[in-house]
Amino acid sequence: MKPETTTATAAAGRVHFHDLHPTPADMRAEVLAGLALAQKRLSPKLFYDAEGSRLFDAICELSEYYPTRTEIGILRRHGAEMAERLGREALLIELGSGSSLKIRTLLEALRPAVYMPVDISKEHLLQSAEDLAAAFPGLDVHAVCADYSSAFVLPVDHHDHPRAAFFPGSSVGNFEPDAAARFMARVGQILGPGGRLLIGVDLIKDKHRLEAAYNDADGVTAAFNLNLLTRINRELGADFDLDAFRHEAVFNAELSRVEMHLISTKSQQVQVAGETFAFTEGESIHTECSYKYRIDGFHALAAEAGFTAEQVWTDPDELFSVHCLVWE
Ligand code: TRP
């Protein structure tokens, strides 16, 4: 992580920007280490360059991708109750804020003292923070560009405000369960006693529906997954042949997770940052898992992290859940 924090104040005067983005050297080391594993792996946080963030927004609009609209429906319907749990005048931290669209459904009721969106995609974060500040005059916005999956400290002290966190999109499912518990415990440390975490969690459902959500007919998810290779080609001087890899998403029912892969369609060699990696035909790079939970299973995970489940809201079809957890 870059040691210095630069703070720029945007024209509106209410968006403060804190840059804790990982360096290109961090990315190079991580990519080379992942490709050297027996099961090759690339971290999902690498998805989110400018084009990846744009493609992810397009995924959220797909008819097959039910999580986004279902979660927004739950937030709209129960937002007042959620806001009551979280409390007003809080320092509200959103992890992986993306386009900051979901939080808009809660801001009127929540009236936070400070909104702190944290995201790894710098340009996207800045633009979204400025759009939000323009839509909510008077709201103090501190945008933090950082990798939330690694430890980071809040760039500003706001100890005078109670703290709350928002972690939507079932991104918690993109961690392995033990890492998810460790991550939530870190969030709890930041929140402090009595701090609440509002978190969206996708629920276990039939395989067909799950697989369609991660393999849409228009190929947007495929483009999103493959964009990772385009990014590595550009930023690390690699020579991945985009026509020689294909997207695959399968639900592993035993482990309750959708697995995303990039499959090499032929035997080939790829140069990445001066190193050579060999692929057999059909060999995969594992790019992401999306774990699905049952409500009680997720509550057990939250308890392991040190949180108490206070309330859960779902949609009528029980596709998705939003939980209020309290750190004690
Ligand atoms: N948090 C999202 C999820 O697990 C991320 C995501 C959605 C995703 N679609 C994807 C990641 C496709 C990789 C590929 O649902």
Side-chain angles (χ1 to χ4, degrees), residues 34 40-49 51-75 94-103 118-121 124 147-149 166-177 179-180 183-184 198-232 245-252 255-263 284-293 298 301 315 319-323:
K40 294 181 172 67
R41 202 161 63 197
L42 289 170
S43 164
K45 70 184 171 221
L46 298 170
F47 283 134
Y48 301 97
D49 63 355
E51 176 66 359
S53 293
R54 192 190 67 74
L55 286 165
F56 187 70
D57 279 350
I59 287 176
C60 293
E61 306 264 316
L62 294 169
S63 61
E64 294 97 330
Y65 196 69
Y66 62 85
T68 306
R69 63 173 175 277
T70 309
E71 185 176 38
I72 290 174
I74 298 170
L75 297 176
E94 178 171 2
L95 300 158
S97 48
S99 294
S100 279
L101 291 180
K102 290 171 184 169
I103 197 66
V118 180
D119 204 282
I120 197 161
S121 193
H124 201 72
D147 168 14
Y148 66 67
S149 70
F166 183 45
F167 191 37
S170 203
S171 297
V172 69
N174 302 135
F175 288 104
E176 293 296 319
F183 167 74
M184 284 197 283
L198 189 67
I199 183 168
V201 182
D202 197 15
L203 299 174
I204 295 174
K205 59 186 63 61
D206 79 272
K207 183 179 171 74
H208 180 74
R209 182 144 203 188
L210 283 170
E211 288 184 348
Y214 294 89
N215 196 4
D216 62 284
D218 291 341
V220 181
T221 308
F224 176 69
N225 203 0
L226 285 160
N227 178 59
L228 219 162
L229 302 184
T230 308
R231 178 181 189 184
I232 292 171
F245 286 87
R246 65 176 175 81
H247 165 73
E248 187 181 271
V250 282
F251 181 56
N252 180 334
L255 296 173
S256 299
R257 67 185 200 194
V258 177
E259 296 174 5
M260 250 78 64
H261 296 272
L262 290 165
I263 311 280
S284 85
I285 307 173
H286 184 192
T287 54
E288 178 151 85
C289 280
S290 188
Y291 279 83
K292 307 302 170 185
Y293 289 93
F298 182 71
L301 187 75
D315 55 295
L319 298 176
F320 200 91
S321 61
V322 178
H323 305 250

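Excluded from the calculations below are hydrogen atoms, water molecules and symmetry mates; all remaining heavy atoms, backbone and side chain alike, are included. Ligands are counted one by one from 1 in listed order, and the atoms in each one are counted from 1 as well. Note that the structure is predicted; figures quoted are calculated from it, not measured.
Closest protein heavy atom to atom 11 (C) of ligand 1: E288 OE1, 2.2 Å. Atom 1 (N) of ligand 1 has its closest protein heavy atom at N174 OD1, 2.8 Å. Annotation: atom 6 (C) of ligand 1 to nearest protein heavy atom, F56 CE1, 3.6 Å.
Between T221 and E64, every side-chain heavy-atom pair lies at or beyond the 4.5 Å cut-off.
Distances between N or O atoms of Y214 and those of ligand 1 include at least one value under 3.5 Å. Checked against a 3.5 angstrom limit, the closest N/O atoms of T221 and ligand 1 fall outside it. Checking only distances, K292 never comes within under 3.5 Å of ligand 1, N or O to N or O. The shortest N or O to N or O distance between Y65 and ligand 1 is below 3.5 Å.
Using the six-membered ring where Trp is involved, F167 and F175 have ring planes that are tilted, between 30° and 60° apart. By the 30° and 60° cut-offs, the orientation of the rings of Y293 relative to F298 is perpendicular. A perpendicular orientation is assigned to the rings of Y65 and Y214, their planes being inclined by more than 60° (bins at 30° and 60°).
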- Working for side chain to side chain contact (heavy atoms under 4.5 Å, CB included), residues K45 and S149: CA-CA 9 Å; K45 70 184 171 221; S149 70; 4.1 Å; yes
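The main-chain N or O of L62 is found under 3.5 Å from a side-chain atom of R69 such that the two form a donor-acceptor pair.
Near G169, the atoms of ligand 1 lying under 4.0 angstrom from a non-hydrogen atom of the residue are 1 (N), 2 (C). Within the listing of ligand 1, atoms 13 (C) sit less than 4.0 angstrom from a heavy atom of F47. The ligand atoms of ligand 1 that sit less than 4.0 angstrom from a heavy atom of S290 are 3 (C), 4 (O), 15 (O).
Under a 4.0 Å heavy-atom criterion, G173 is not in contact with ligand 1. Heavy-atom separations between N225 and ligand 1 are all 4.0 Å or longer.
A side-chain donor from one of N225 and T287 sits under 3.5 Å from a side-chain acceptor of the other.
Closest non-hydrogen pair, K102 versus P168, comes out as CD-CB, 3.8 Å.
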